Amino acid sequence: MPARTANAVALMKEASPATLEAFLALSGMFEETTLDPHSREAVILTVAAHHRCHLCVDLHEAKLAALGPAPDPGRIDAVRRFTRQVLAASGAVSDGEMAEFQAHGYTRRNALEVVIGIGAYTLSTFANRMTRAA
């Protein structure tokens, strides 16, 4: 774990062990979704950029790079767009936006799994900003 990440975890644990526990549980659940690793990292990066958490952006850009090139870059762009749409509409995406997401091979289940990622990484980005870790 990079030093900046370890510091963020320590700050969160010190300020609120329950917040850290909630993040670890929810992010663990997100890792178990049917979204592929590239898609999960794209969701995380989109949330981190949206909330301007530079710590998370740096960490997850490195994780995404370590995965290597995405097999289908268009599919990754679709999950990024969809994540931004979910954030902008507080979940109330249009039928057209859902259809566009599904046109790239994603499912309604994947759409709800994006919501898990948004929840987990909104929690961490908000906590990182409040503890001044980011």
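Computation of the quantities below employed the complete heavy-atom set of this structure, encompassing side-chain atoms and omitting hydrogens, waters and symmetry-equivalent molecules. Keep in mind it's a predicted model, so treat the numbers as computed, not measured.
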Query raised in the report: Heavy-atom distance under 4.5 Å between the side chains of Ser124 and Cys56, does that happen here?
Result: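 Ser124 reaches Cys56 side chain to side chain.
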Report task. Side-chain contact test, heavy atoms from C-beta onward, threshold under 4.5 Å: evaluate it for Thr83 versus Leu87 and give yes or no. Result -> yes
Report task. Return each pair, listed once, that meets side-chain hydrogen bond (donor to acceptor under 3.5 Å, both in side chains) where at least one residue sits in residues 47-57; pairs must be two or more places apart or across chains. Result ->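 Every side-chain hydrogen bond (donor to acceptor under 3.5 Å, both in side chains) pair that includes a residue of residues 47-57, provided the two are not neighbours, is His51-Thr122.
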Could you tell me the separation between the [atom1] atom of [X] and the [atom2] atom of [Y], rounded to the nearest 0.5 Å?
| X | Y | atom1 | atom2 | value |
| --- | --- | --- | --- | --- |
| Ser16 | Met130 | OG | CE | 10.5 Å |
| Met29 | Ile116 | CE | CD1 | 8.0 Å |
| Met12 | Leu24 | CE | CG | 7.5 Å |

Path from [X] to [Y] over hydrophobic side-chain contacts below 4.5 Å:
| X | Y | answer |
| --- | --- | --- |
| Leu55 | Val43 | no |
| Val115 | Leu26 | yes |
| Leu11 | Leu123 | no |
| Ile76 | Ile118 | yes |

Report summary line: Applying salt bridge (charged side-chain N to carboxylate O under 4.0 Å, His left out) to Glu100 and not counting sequence neighbours gives Arg81
Report task. Name all residues meeting the salt bridge (charged side-chain N to carboxylate O under 4.0 Å, His left out) criterion together with Arg129; count only those two or more places apart in sequence or in a different chain, and write none if there are none. Result -> none
Requested in this report: Just grab all the ring pair (Phe, Tyr, Trp, His ring centres under 6.0 Å) pairs involving residues 69-90, residues at least two apart or on different chains.
Outcome: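 Listed by first then second residue: Phe82-Phe101.
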Query raised in the report: Which pairs with one or both residues in residues 9-47 pass ring pair (Phe, Tyr, Trp, His ring centres under 6.0 Å), sequence neighbours excluded?
Result: Phe23-Tyr121
Query raised in the report: What residues form a side chain to side chain donor-acceptor pair (under 3.5 Å) with Thr131, not counting sequence neighbours?
Result: none
Report task. Kindly write out the residues that satisfy side chain to side chain donor-acceptor pair (under 3.5 Å) with Asp77, not counting sequence neighbours, or none if the list is empty. Result ->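 For Asp77, the residues satisfying side chain to side chain donor-acceptor pair (under 3.5 Å) (neighbours in sequence not counted) are Arg80.
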Partner residues of [X] under the side-chain contact (heavy atoms from CB on, under 4.5 Å) criterion, sequence neighbours left out:
| X | result |
| --- | --- |
| Thr34 | Arg109, Asn110, Glu113 |
| Leu45 | Val57, His60, Glu61, Leu64 |
| Arg108 | Met98, Gln102 |

Query raised in the report: What residue pairs, at least two apart or across chains, pass salt bridge (charged side-chain N to carboxylate O under 4.0 Å, His left out) with a residue in residues 25-40?
Result: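 The answer is Glu31-Arg40, Asp36-Arg75.
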Query raised in the report: Taking only residues at least two apart or on different chains, which pairs with a member in residues 8-23 satisfy salt bridge (charged side-chain N to carboxylate O under 4.0 Å, His left out)?
Result: none
